[in-house]
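Beneath this line is the structure, given in structure tokens, with notes to follow.
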Amino acid sequence: MAEVGYNVAILGATGAVGTRLIQQLEQSNVPVKSIKLLASTRSAGKTLQFKQKDIVVEATTPESFDGIDLVLASGGGSVSKKFAPEAVKRGAVVVDNSSFWRMNDQVPLVVPEVNEDALYQHHGIIANPNCSTIQMVVALAPIKQQFGLKRVIVSTYQAASGAGQTAWQELMTQSQAYISGEEMTADILPVKGDKQHYPLAFNLLPQIDVFEDYGYTHEEWKMIHETKKIMFGDKNTKAIKVTATAVRVPVPIGHGETVYFETESGTQATAAGIQKALATADGVVLQDDPAHQIYPQPINAEGKRETFVGRVRPDVENDDSFHMWVVSDNLLKGAAWNTVQIAERLVALNLVRVPKDASALFPTEA
């Protein structure tokens, strides 16, 4: 009998998300026939393990994807722009963690608990949404299904690791300096390539990514358009109003979000009804017992795949309006686990195949 399984490549294997992709794939039900770990030339030659076997990391080239069935990518936007079309041209399906493909109309943006059906429309590339968007739509999906949604206003409290390993390490270094009474230096946050840098330790930075139209940051626009695309199939839909404020906080792992939302009038939504919907929702853990001070916290969400929700309560000033607090591990459900979860669903739905039109939609660089 022929061996059943897929030849899988992990692009960006040595990064914070890449190493977690390896771990999540090990624990998944994706049948892996072979594994290839890819990274930059700088990281090539390192040795990582997959299922207790040593795998040498290779430098990424277009030919790296020859014979590969499935690519799990977390190498950044420029890397995905260059190599995702190369992989598709060679017959591989790509699940991409970067922001590069998310707003492409030919690329489904998928959170399996919310819009798994969008996978049927893939042309070889599937985009993994922004970490802060993922956990919010997981929490909003059961509410939308039962009570409808008219408006969402979110404020995020995003961990340092969302900006990468170097930002995470800079937070640790700054914290040690502050406690020791030394001067804190900042070279990365809020945006590595921007003009000014500020310490995150013992501080809050109301800027994630660069500023764009109307004074919103790119991160905030991401949440607005991604939420619309995932939940309503149209990144510019007027069917729901979404706005966001994104803040970086001195937490290593785990994003928190305060989410205000308005349900459709006439649905008789109540806080108790919303809690009931959340308690039975796929991928959600309800932690909501104010009398005993039980609510989600990043420190408890670290290392877990679920999205945790608490502080569900009505807005006493506005009918059909509610608040909730949402927390998740941004490196797992916000990145690595959602990516592997998509891969699991592609396997289950027999969608690990590239349609004939794919190469024309995603031309490779000259």
Side-chain angles (χ1 to χ4, degrees), residues 3 5-28 30-101 124-128 131 160-170 172 188 192 252-253 303 329-332 334-344 346-347 352 364-365:
E3 183 181 1
Y6 298 93
N7 299 314
V8 180
I10 294 181
L11 177 60
T14 58
V17 174
T19 55
R20 285 163 175 80
L21 277 173
I22 296 169
Q23 296 164 0
Q24 294 301 305
L25 185 62
E26 285 178 325
Q27 299 166 25
S28 76
V30 175
V32 179
K33 185 191 301 184
S34 70
I35 185 81
K36 183 179 286 190
L37 304 183
L38 303 172
S40 65
T41 304
R42 184 179 64 255
S43 297
K46 292 183 178 179
T47 300
L48 299 174
Q49 284 199 333
F50 180 78
K51 293 189 175 180
Q52 299 180 322
K53 292 184 179 179
D54 288 341
I55 309 290
V56 177
V57 177
E58 303 175 27
T60 310
T61 67
E63 293 71 32
S64 299
F65 305 101
D66 289 340
I68 295 296
D69 303 306
L70 182 63
V71 179
L72 308 181
S74 186
S78 61
V79 172
S80 290
K81 176 185 178 182
K82 179 178 180 180
F83 288 114
E86 294 285 358
V88 170
K89 183 172 77 172
R90 289 164 170 78
V93 175
V94 179
V95 186
D96 182 49
N97 251 290
S98 81
S99 63
F100 184 79
W101 299 103
I125 300 175
I126 299 101
N128 198 67
C131 47
S161 57
Q165 283 183 318
T166 53
W168 180 358
Q169 183 56 53
E170 184 171 84
M172 299 295 102
I188 298 170
K192 187 170 184 178
I253 295 176
D329 185 321
N330 55 293
L331 298 177
L332 289 186
W337 166 235
N338 199 73
T339 301
V340 173
Q341 196 179 10
I342 290 171
E344 286 189 341
L346 288 170
V347 170
V352 185
T364 56
E365 296 182 355

Hey, could you give me the CD/CD1 distance between Q165 and I188, rounded to the nearest 0.5 Å?
11.0 Å

Looking at CD of E26 and NZ of K53, how far apart are the two atoms once the value is rounded to the nearest 0.5 Å?
11.5 Å

Checking L332 against Q24 for the side chain to side chain contact (heavy atoms under 4.5 Å, CB included) test, could you report, in this order, the C-alpha distance in whole Å, the side-chain angles of both residues, the deciding distance, and whether it holds?
CA-CA 8 Å; L332 289 186; Q24 294 301 305; 3.5 Å; yes

Determine the minimum heavy-atom distance between A16 and T19, stating which atoms define it.
O-OG1, 3.2 Å

Can you tell me how far apart CZ (F65) and CG (L11) are? Round to the nearest 0.5 Å.
5.0 Å

Determine whether M172 and P252 make a side-chain contact, defined as any pair of heavy atoms from C-beta on separated by less than 4.5 Å.
yes

Closest non-hydrogen atom pair between A73 and D96, with its separation
CB-OD1, 3.5 Å

V71 versus A87, closest heavy-atom pair with distance:
CG2-CB, 4.0 Å

Looking at CG of N128 and CD1 of I342, how far apart are the two atoms once the value is rounded to the nearest 0.5 Å?
4.5 Å

Looking only at heavy atoms, the pair that brings A44 and A59 closest together is CB-N, 3.6 Å

Are the side chains of V93 and D69 in contact, using a 4.5 Å heavy-atom criterion?
no

Could you check V17, L331, D329 and say which one makes a side chain to side chain contact (heavy atoms under 4.5 Å, CB included) with S161?
L331

Sorted by chain and residue number, the salt bridge (charged side-chain N to carboxylate O under 4.0 Å, His left out) partners of E58 (sequence neighbours excluded) come out as none

Nearest 0.5 Å, please: how far is NZ in K51 from CD1 in I35?
9.5 Å

W101: ring-ring contact (aromatic ring centres under 6.0 Å, His included) partners, not counting sequence neighbours
F362

Give the C-alpha distance, both sets of side-chain angles, the deciding distance and a yes or no for side chain to side chain contact (heavy atoms under 4.5 Å, CB included) between K36 and N7.
CA-CA 8 Å; K36 183 179 286 190; N7 299 314; over 6 Å; no

Chi angles and distances behind the side chain to side chain contact (heavy atoms under 4.5 Å, CB included) call for V95, L346:
CA-CA 10 Å; V95 186; L346 288 170; 3.9 Å; yes

Distance-only donor-acceptor check, side chains T339 and N97, under 3.5 Å
yes

Could you state the interatomic distance from CG (L25) to CG (L72), rounded to the nearest 0.5 Å?
6.0 Å

Could I get the full list of salt bridge (charged side-chain N to carboxylate O under 4.0 Å, His left out) partners for K89, not counting sequence neighbours?
E86

Would you call V347 and P31 a side-chain contact if the rule is heavy atoms closer than 4.5 Å?
yes

Please determine which of D66, T61, T60 meets the side-chain hydrogen bond (donor to acceptor under 3.5 Å, both in side chains) test together with S64.
T61

Do P85 and V88 have side chains that approach each other closer than 4.5 Å (heavy atoms only, starting at C-beta)?
no

Would V94 and F83 count as a side chain to side chain contact (heavy atoms under 4.5 Å, CB included) here? Give the steps.
CA-CA 10 Å; V94 179; F83 288 114; over 6 Å; no

For L48 and A13 the tightest heavy-atom approach is CD1-O, 3.7 Å

